[in-house]
Amino acid sequence: QNKGPMQARTPALRSLLAPWAKLAPWAAPRCYKLAAAEMYLDLVNTVPAMLGLFYDISDTPYRHDKMRVMFEKLNSRRFLRSLRRFNPTVVVCTHFTPAAVLSWLVEKEESDLKPAVVVTDLDCHAMWLIRHYQRYFVARPETKQYLTRIGVPDSKIDVTGIPIDP
């Protein structure tokens, strides 16, 4: 069974994604996935304070947009090829990388496809924030309040709970 990003974890998201349930999930190059996962686990297990410091330093909305998108584009060629081949009318992102790349495409006027962003964390770190989006799905009312404080319209945020597979 597919446990990737296209498998909706909550009833509201399942109904939204039903027509696209058989699509392949966003796929970064395998070496990137392995390196990123391994590096993250190494940091958690060996220097959690350093990881926490990086998390805090990088949590300023829109501050590192250009640098982040530059890095994300390097790891998104497969995703972009699939996107262009399939030409979807809706994209729901459960990871910040494809959301950032899609937002960048809209900004560069290469696409008008604004993603719906499902924040798969309890809080919304700056990495999840993009300038061009359809809607945000968040876990908690407090996260919705935070997003509205930084300028996301209330009408574009749904509190759906944390997307987990029971």
* Asked: Is there a side chain to side chain contact (heavy atoms under 4.5 Å, CB included) between Arg140 and Leu122 once you walk through the steps?
  -> CA-CA 7 Å; Arg140 306 177 317 140; Leu122 291 173; 4.1 Å; yes
* To do: Check the pair His132, Leu102 against side chain to side chain contact (heavy atoms under 4.5 Å, CB included), reporting the backbone distance first and the verdict last.
  => CA-CA 8 Å; His132 307 283; Leu102 285 168; over 6 Å; no
Side-chain ([X]) to main-chain ([Y]) donor-acceptor, under 3.5 angstrom:
{"X": "Gln134", "Y": "Pro115", "value": "no"}
{"X": "Ser58", "Y": "Phe54", "value": "yes"}
{"X": "Asp59", "Y": "Ala126", "value": "yes"}
{"X": "Arg131", "Y": "Val106", "value": "no"}

* To do: Apply side chain to side chain contact (heavy atoms under 4.5 Å, CB included) to the pair Leu80 and Leu105, showing each step before the final yes or no.
  => CA-CA 10 Å; Leu80 291 171; Leu105 288 173; 3.6 Å; yes
* To do: Start with the C-alpha distance between Val138 and Thr160, add both sets of side-chain angles, then the distance that settles side chain to side chain contact (heavy atoms under 4.5 Å, CB included), and finish with yes or no.
  => CA-CA 6 Å; Val138 298; Thr160 56; over 6 Å; no
Do [X] and [Y] come within less than 4.5 Å of each other through their side chains, counting heavy atoms only?
{"X": "Pro88", "Y": "Leu83", "result": "yes"}
{"X": "Arg135", "Y": "Asp158", "result": "yes"}
{"X": "Tyr136", "Y": "Pro153", "result": "no"}
{"X": "Tyr146", "Y": "Val152", "result": "no"}
{"X": "Thr94", "Y": "Val117", "result": "no"}
{"X": "Asp121", "Y": "Thr143", "result": "no"}

* From Arg77 CZ over to Ser82 OG, what is the distance, rounded to the nearest 0.5 angstrom? ->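 Reported to 0.5 Å precision, the distance equals 14.0 Å.
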* To do: State the CD1-CZ distance between Ile157 and Phe137, to the nearest 0.5 angstrom.
  => 11.5 Å
Give the minimum heavy-atom separation between [X] and [Y], together with the two atoms involved.
{"X": "Thr46", "Y": "Pro48", "value": "C-CD, 3.5 Å"}
{"X": "Asp154", "Y": "Lys144", "value": "OD1-CE, 2.9 Å"}
{"X": "Cys93", "Y": "Ala99", "value": "SG-N, 3.6 Å"}
{"X": "Val119", "Y": "Asp123", "value": "CG1-O, 3.7 Å"}
{"X": "Leu129", "Y": "Cys124", "value": "CD2-SG, 3.7 Å"}

* Asked: Do the ring planes of Trp128 and Phe96 sit parallel (below 30°), tilted (30 to 60°) or perpendicular (above 60°)?
  ->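 Rings of Trp128 and Phe96: perpendicular, as their planes differ by over 60°.
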* Asked: Quick check: are there more than 12 heavy atoms from other residues, nucleotides or ligands sitting under 6.0 Å from CG of Asn45?
  ->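 Yes, because the 6.0 Å sphere around CG of Asn45 holds more than 12 heavy atoms from other groups.
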* Asked: Is there a path of hydrophobic side-chain contacts, each under 4.5 Å between heavy atoms of I, L, V, M, F, W or Y residues, that connects Val44 with Leu53?
  ->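 No, Val44 and Leu53 fall in different hydrophobic clusters.
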* **Tyr55-Val47 co-clustered via ILVMFWY side chain contacts under 4.5 Å** => no
